[in-house]
Enquirer: 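Got a structure for you, questions after.
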Amino acid sequence: MQLQGKITNKQTGETIPGANIYISDANGAVSYTPTGAQSDANGMYAFFVPNGAYVTASYVGMKKQVVQPIAQQCAAAPCTTIQNFELESGSPLEVVEIQAKKPFPWLIAIATTVVVIGLGYFIYDISKKIKK
């Protein structure tokens with residue numbers, strides 16, 4: 001069956017672009033062969049789902065929602081089933097802060113000296129081999 005619908009934020013009613021919708025097990029884990037879609041700029045999605053499969057909608061920072069859509073009876077194939085998702089806010093995202101420390105000044109001085117000596121020797125060596 002073709003499954004289509006809209007993904008919205010339950011608290012605000014706003015659509016959620018970029019939400020993931022995929023075939024899963026009853027707990028929301030991705031199925032063996034991952035199949036799914038992503039909601040467009042208007043929160044809309046559409047993809048084919050086998051009858052009886054579970055479908056999960058998820059988005060970063062929101063609780064995932066697992067449903068088992070029921071195929072609609074229709075006269076002509078393909079039948080389209082409408083399944084809208086309303087996702088709730090989940091646990092807040094953690095902030096990770098990374099700080100870099102300045103290297104030791106004496107280490108920079110040694111590294112610079114080694115490079116200058118190495119380049120100076122290399123340049124000196126080349127100039128000795130050039131014949132005028």
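Values reported hereafter were calculated over all heavy atoms of this structure, with side chains retained and with hydrogens, waters and symmetry mates removed. In this chain, numbering begins with 1 at the start of the sequence shown.
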Enquirer: Using the side chain to side chain contact (heavy atoms under 4.5 Å, CB included) criterion, which residues pair with N42? Sequence neighbours excluded.
Expert: D40, M44
Enquirer: Side chains of I7 and Y45: does their closest heavy-atom pair fall under 4.5 Å?
Expert: yes
Enquirer: Which donor-acceptor pairs under 3.5 Å do side chains of residues 58-66 form with protein atoms, sequence neighbours excluded?
Expert:
residue : atom : partner : partner atom : Å
Q65     : OE1  : E86     : N            : 3.2

Enquirer: A side-chain contact here means heavy atoms from C-beta on lying under 4.5 Å apart; do V67 and Q83 qualify?
Expert: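 Yes - at least one pair of side-chain heavy atoms lies under 4.5 Å apart.
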Enquirer: As an exercise, state the distance from OG of S39 to CD1 of I21, rounded to the nearest 0.5 Å.
Expert: 5.0 Å
Enquirer: For A29, does its backbone N or O pair with a side-chain atom of N27 as donor and acceptor, under 3.5 Å?
Expert: no
Enquirer: Please check: side-chain N/O of T8 versus main-chain N/O of K10, any donor-acceptor pairing under 3.5 Å?
Expert: no
Enquirer: Working to the nearest 0.5 angstrom, can you tell me the gap between L3 CG and T81 OG1?
Expert: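 Going from CG on L3 over to OG1 on T81, the span is 6.5 Å.
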Enquirer: Using a 3.5 Å cut-off and no angle test, enumerate the donor-acceptor pairs between side-chain atoms of residues 46-56 and protein atoms at least two apart in sequence or in another chain.
Expert:
residue : atom : partner : partner atom : Å
T56     : OG1  : S24     : OG           : 2.6

Enquirer: Measure from the side-chain N and O atoms of Y22 to the backbone N and O of G28, and report whether any donor-acceptor pair falls under 3.5 Å.
Expert: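 Yes, Y22 side chain to G28 backbone: donor-acceptor pair under 3.5 Å.
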Enquirer: Once rounded to the nearest 0.5 Å, what's the spacing between atom CG of N84 and atom CD of Q4?
Expert: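 Going from the CG atom of N84 to the CD atom of Q4 covers 9.5 Å.
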